[in-house]
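I have placed the structure first, in the form of structure tokens, so that the comments after it can refer back to it.
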Amino acid sequence: MTVRAIVVGLGFAGSVLSRELAEAGFEVLALERRSQIAGNMYETVRANGVRVHQYGPHIFHANSGEVFDYLSQYSDFYPYTHRVLGRIQGKLVPIPFNFTSIDALFPKSEADDLEIRLTEAYPDRERVFVSELMNHNDPAIERLGKFIFENVFVNYTAKQWGIPASEVDVSVINRVPVVLSKDDRYFTDRIQQMPLNGYTPLFEKLLDHPGITLRLNTNAAERLSIDAASSRVYFDGEPFDGPVLWTGAIDELFRYSLGPLPYRSLNMVFEDLPIERYQKAAVVNYPNEEEFTRITEFKQMTRQVLPEDTTILKEYPLPYDPEKRMEAYYPIFSAENQTLYDEYRALGAMIPNLRFCGRLAEYRYYNMDAVVERALQVAKEVIRKYAKR
Ligand code: FAD
Ligand code: UDP
């Protein structure tokens with residue numbers, strides 16, 4: 001007998017789950033609140049013809065060949081190595097901070113001396129964390145660490161997260177290391193590729209399966225409810241016993257009954273400009289003076305040739321308010337938030353046919369590749385569970 005499944009949200013988590021379950025013979029009803037698929041990877045074309053990532057710049061990078069091979073079934077890809085500059089003391093220097101950044105910001109003799117000290121202090125390392133430099137017993141390295149922290153991390157982090165950098169989980173800051181060479185790649189992953197025609201066509205293909213019924217403009221929180229007493233999920237008022245795979249915010253499903261989980265949001269401000277090129281790199285970070293954190297010029301990622309037009313995006317961080325029409329972009333790490341999340345998960349664990357997957361549902365700072373990997377794993381588990389019946 002065909003098993004019906006409900007998938008909520010059509011970013012990578014929900015779209016991969018939908019496809020995998022449909023391939024395994026489930027009849028999938030996929031609900032998405034927005035008027036389009038592809039979650040935060042959604043791309044749109046501006047009036048000037050420039051293709052942009054509506055929810056911020058998305059660069060695919062992965063070490064897992066499995067994830068890349070999986071996605072390659074739904075799109076061709078082109079190699080793209082992401083490079084970022086940051087405006088520090090009025091100069092544009094590579095981020096992650098590297099030897100070229102040192103050369104640009106210090107007098108030559110001091111820069112040469114710092115680079116020799118770093119190479120000697122870390123003979124086997126290509127990248128180190130800024131905290132390691134700040135705590136080094138060589139005072140010159142310690143000073144450099146403090147300089148980098150002050151000029152690259154302190155203000156950017158405070159803007160991005162709305163709290164002092166000292167209160168942000170160190171794993172967040174450690175996403176961006178200090179590079180002990182002139183390597184200026186933002187990511188070091190083995191695979192760095194972009195979908196040839198953009199993310200949206202990839203998602204269209206991923207979701208193109210007769211076993212998947214899509215319902216856009218549908219807030220699943222208004223259609224699904226949890227009855228704790230019977231440990232059942234109700235859909236449109238009727239008990240639903242097939243798998244329910246939730247990839248939206250977990251607190252929303254439980255109607256914020258334990259209080260809202262905090263997220264950071266972004267105000268995305270696009271500007272269309274009648275010029276061929278705006279800046280020297282696809283992304284330029286503005287850690288210090290400006291209110292935005294970074295400017296993305298999409299043409300430099302998408303390789304579009306439009307000699308008279310470009311579009312840029314400025315990202316202004318702000319607190320997320322579930323009452324307002326905002327996107328919950330970033331879960332905020334802290335022991336307190338994790339405890340609240342765990343309490344929501346405990347509520348979820350009472351419902352045997354309910355699973356959570358994705359950045360919002362798992363309240364984790366997942367990149368795209370990690371979300372795809374996770375969705376493949378959850379799909380396997382769900383398929384195995386129902387095959388046993
Ligand atoms: P999402 O893509 O957020 O999808 C969730 C979907 O669920 C959304 O479409 C939402 O509308 C829907 N939904 C939520 N609630 C409901 C509801 N109640 N009813 C119906 N639908 C609902 N990762 C990288 O690997 N590389 C990058 O360069 C990169 N850049 C990023 C830049 C920014 C600004 C941000 C915020 C993230 C970036 N990421 C990047 C991370 C990437 O966006 C996530 O890994 C990815 O979006 C996670 O996919 P997901 O399906 O879990 O979530
Ligand atoms: N960060 C910073 N300065 C930079 C770039 C990053 O302080 O120029 C810090 C900041 O706290 C940010 C984190 O490093 O939130 C992770 O940066 P990443 O570029 O990975 O953020 P994302 O692309 O996920 O927004």
Side-chain angles (χ1 to χ4, degrees), residues 6-17 30-42 53-62 67 82 84-88 93-97 130 148-149 151-161 163 165 168-177 186-187 189 192 194 199 203 215-224 246-250 252-253 263-266 268 283-288 293-294 296 301 313 315 317 322 327-331 333 356-362 364-372 374-375:
I6 293 177
V7 174
V8 176
L10 289 171
F12 263 130
S15 301
V16 169
L17 286 166
L31 310 175
E32 169 55 57
R33 178 174 23 220
R34 296 179 185 161
S35 56
Q36 76 270 339
I37 59 171
N40 286 349
M41 284 59 68
Y42 177 71
H53 300 176
Q54 188 73 35
Y55 301 96
H58 278 75
I59 298 103
F60 182 80
H61 53 101
V67 167
H82 191 48
V84 173
L85 296 172
R87 210 175 72 179
I88 312 291
V93 306
I95 305 286
F97 206 89
V130 67
I148 298 172
F149 192 65
N151 285 280
V152 178
F153 291 97
V154 166
N155 295 325
Y156 188 115
T157 301
K159 270 193 277 193
Q160 177 76 357
W161 298 98
I163 46 177
V168 170
D169 194 280
V170 72
S171 66
V172 171
I173 286 172
N174 286 351
R175 284 169 62 96
V176 180
Y186 201 69
F187 307 110
D189 301 51
Q192 304 192 30
M194 295 287 269
Y199 289 95
F203 276 82
R215 290 278 178 273
L216 300 179
N217 302 303
T218 303
N219 180 357
E222 292 169 357
R223 308 278 300 270
L224 289 166
W246 181 270
T247 79
I250 194 168
E252 189 185 0
L253 173 62
Y263 301 89
R264 286 297 280 175
S265 191
L266 295 166
M268 303 278 186
V283 170
V284 176
N285 287 0
Y286 288 82
N288 299 313
T293 49
R294 58 187 178 190
T296 300
M301 282 177 197
L313 166 65
E315 293 172 48
E327 301 299 337
Y329 283 114
Y330 295 90
F333 283 124
F356 298 99
C357 180
R359 179 146 155 148
L360 295 169
E362 296 184 68
R364 288 188 61 170
Y365 201 162
Y366 278 138
N367 286 329
M368 292 182 278
D369 59 319
V371 166
V372 173
R374 179 87 186 109

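Read the numbers this way: they start at 1 and go in the same order the structure lists the ligands and their atoms.
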Nitrogen or oxygen atoms of Trp246 and ligand 1 under 3.5 Å apart: no
May I ask you to identify the nearest protein heavy atom to atom 25 (O) of ligand 2, giving residue, atom name and distance to one decimal place in Å? Tyr330 OH, 2.5 Å
Give the residue and atom name of whichever protein heavy atom lies nearest to atom 22 (P) of ligand 2, and the separation in Å to one decimal. Tyr365 OH, 3.4 Å
His82 side chain near Pro57 side chain, heavy-atom distance below 4.5 Å: no
So which of Val172, Asn151, Asn155 gets nearest to atom 13 (C) of ligand 2, if we judge by its closest heavy atom? Val172
shortest atom 20 (O) of ligand 2-to-protein heavy-atom contact is with Arg175 NE, 2.8 Å
Within 4.0 Å of some non-hydrogen atom of Gln160, the atoms of ligand 2 are 15 (O), 25 (O)
If we ignore hydrogens and angles and just use 3.5 Å, is the side chain of Thr157 paired with the main-chain N or O of Asn155 as donor and acceptor? no
What is the nearest protein non-hydrogen atom to atom 8 (O) of ligand 2, stated with its residue, atom name and distance? Asn285 ND2, 2.9 Å
Donor-acceptor pair, distance only, cut-off 3.5 Å: does the side chain of Arg359 make one with the backbone of Tyr366? yes
Quick one: does Leu360 get an N or O within less than 3.5 Å of an N or O on ligand 1? no
So which heavy atom in the protein is nearest atom 1 (N) of ligand 2, and how far is it from that ligand atom? Tyr156 CD2, 3.7 Å
Who's closest to atom 7 (O) of ligand 1 heavy-atom-wise, of Ser35, Ala220, Gly9, Ala249? Gly9
Is there at least one pair of N or O atoms, one from Pro57 and one from ligand 1, spaced under 3.5 Å apart? yes
Looking only at protein heavy atoms, identify the closest one to atom 19 (O) of ligand 2 and say how far it is in Å. Tyr186 OH, 2.5 Å
Atom 11 (O) of ligand 1 within contact range, any protein heavy atom under 4.0 Å: yes
I need the nearest protein heavy-atom contact for atom 6 (C) of ligand 2: residue, atom name and distance, please. Val176 CG2, 3.6 Å
Should the pair Tyr329 and Tyr55 be assigned to parallel (<30°), tilted (30 to 60°) or perpendicular (>60°) ring geometry? tilted
Compute the shortest N/O to N/O distance between Ala13 and ligand 1 and return yes if it is under 3.5 Å, no if not. yes
Are any side-chain N or O atoms of Ser265 and backbone N or O atoms of Glu327, one a donor and one an acceptor, separated by less than 3.5 Å? yes
Taking atom 47 (O) of ligand 1 as the point of reference, which of Arg359, Glu252, Met41 owns the nearest heavy atom? Met41
side-chain contact (heavy atoms from CB on, under 4.5 Å) between Tyr365 and Arg175: does it pass, once the steps are laid out? CA-CA 10 Å; Tyr365 201 162; Arg175 284 169 62 96; 3.5 Å; yes
Under the 3.5 angstrom rule, does the side chain of Asn285 hit a backbone N or O of Pro287 as a donor-acceptor pair? no
Got an N/O contact under 3.5 Å between His58 and ligand 1? yes
Nearest protein heavy-atom contact for atom 9 (O) of ligand 1: which residue, which atom, what distance? Glu32 OE1, 2.7 Å
First locate atom CG of Leu224, then atom CG of Asn219, and finally report the distance between them rounded to the nearest 0.5 Å. 9.5 Å
Tell me whether Arg294 reaches ligand 2 (any heavy atom closer than 4.0 angstrom to a ligand atom). yes
Which residue holds the protein heavy atom closest to atom 3 (N) of ligand 2, what is that atom called, and what is the gap in Å? Val152 O, 3.0 Å
Heavy atoms, side chains only, cut-off 4.5 Å: are Tyr330 and Gln160 in contact? yes
Would you give the length of the straight line joining atom OH of Tyr286 to atom CG of Leu85, rounded to the nearest 0.5 angstrom? 9.5 Å
Compute the shortest N/O to N/O distance between Arg294 and ligand 1 and return yes if it is under 3.5 Å, no if not. no
Return yes or no for this condition: an N or O of Glu315 is under 3.5 Å from an N or O of ligand 1. no
Considering distance alone, does some N or O of Asn40 sit under 3.5 Å from an N or O of ligand 1? yes
Is the shortest heavy-atom distance from the side chain of Glu362 to the side chain of Cys357 under 4.5 Å? yes
Taking distance alone, with N or O pairs closer than 3.5 Å, would you say Ile173 contacts ligand 2? no
Taking 4.0 Å as the limit for heavy-atom contacts, which would you say applies to Leu266 with ligand 1: side chain only, backbone only, both, or neither? side chain
For Thr157, the atoms of ligand 2 under 4.0 Å from one of its heavy atoms are 7 (O), 9 (C), 10 (C), 11 (O)
Does ligand 2 come near enough to Trp161 that some N or O of the ligand is less than 3.5 Å from an N or O of the residue? yes
Is Lys159 salt-bridged to Glu315, cutoff N-O under 4.0 Å? no
Of the choices Tyr330, Tyr329, Phe12, which has the non-hydrogen atom that lies closest to atom 33 (C) of ligand 1? Tyr330
How are the rings of Phe12 and Phe203 set to each other: parallel, tilted or perpendicular (split at 30° and 60°)? tilted
Starting from atom 25 (O) of ligand 1, locate the nearest protein heavy atom and write down its residue, its atom name and how far away it is, to 0.1 Å. Met368 N, 2.8 Å
